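Everything numeric here is computed off the predicted structure, so don't read it as measured data.
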Amino acid sequence: MSHVKFDSAVKQNPTQEKIVNAKVEKFSDAVTLILRAEAATKMKKLVYVFINVRQLTPTTFNYTVDDSRDKISSSAHASIKMKFEEIFNA
């Protein structure tokens, strides 16, 4: 199970907000697929991982992964990082 939480203190117009929300949704969907594969390798139904995405400036984002409840593999971390960079730094 993945929970992607988004936080931003950046003032945006409605168009910018829609674009950012679409990116967050796309990232969340990608993370869900990555974590489903991770759960399958651990022979579990779900893995509990929480990801916080923060918008620092109109074009700068960062993220943190909290996998303290269910540790995920380094390859899952790498996949999440790759998807984040692909979606938010494009």
Problem - Val10/Gln16 under side chain to side chain contact (heavy atoms under 4.5 Å, CB included): CA gap, chis, key distance, verdict - result: CA-CA 10 Å; Val10 177; Gln16 292 168 323; over 6 Å; no

Determine all donor-acceptor pairs shorter than 3.5 Å in which one atom belongs to a side chain in residues 81-88; sequence neighbours excluded.
{"residue": "Lys83", "atom": "NZ", "partner": "Glu86", "partner atom": "OE2", "Å": "3.2"}

Under 3.5 Å, side-chain donor or acceptor atoms of residues 56-63 against the rest of the protein: list the pairs with distances, not counting sequence neighbours.
{"residue": "Thr57", "atom": "OG1", "partner": "Thr59", "partner atom": "N", "Å": "3.3"}
{"residue": "Thr57", "atom": "OG1", "partner": "Thr60", "partner atom": "N", "Å": "3.0"}
{"residue": "Thr57", "atom": "OG1", "partner": "Thr60", "partner atom": "OG1", "Å": "2.8"}

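A heavy-atom distance below 4.5 Å is not found between the side chains of Lys5 and Val53. Inter-residue side-chain proximity for Phe50 and Val4 is flagged as unmet; no heavy-atom pair is nearer than 4.5 Å.
Identified under the salt bridge (charged side-chain N to carboxylate O under 4.0 Å, His left out) test for residues 7-29, with sequence neighbours left out: Asp7-Arg54. Residue pairs satisfying the side-chain hydrogen bond (donor to acceptor under 3.5 Å, both in side chains) criterion with at least one member in residues 34-43, sequence neighbours excluded, are listed as follows: Glu38-Ser73.
The shortest non-hydrogen separation linking Ile72 to Leu35 is CG2-CD2, 4.1 Å.
For the side-chain hydrogen bond (donor to acceptor under 3.5 Å, both in side chains) test, residues two or more places apart in sequence or in another chain that qualify with Asp66 are Ser68.
Distance check, rounded to the nearest 0.5 Å: CD1 of Ile34 to CD1 of Ile51 gives 8.0 Å.
Under a hydrophobic-cluster definition in which Ile, Leu, Val, Met, Phe, Trp and Tyr are linked whenever side-chain heavy atoms come within less than 4.5 Å, directly or via other members, Phe6 and Val49 are assigned to the same cluster.
For the pair Ser28 (side chain) and Val24 (backbone), a donor-acceptor distance under 3.5 Å is absent.
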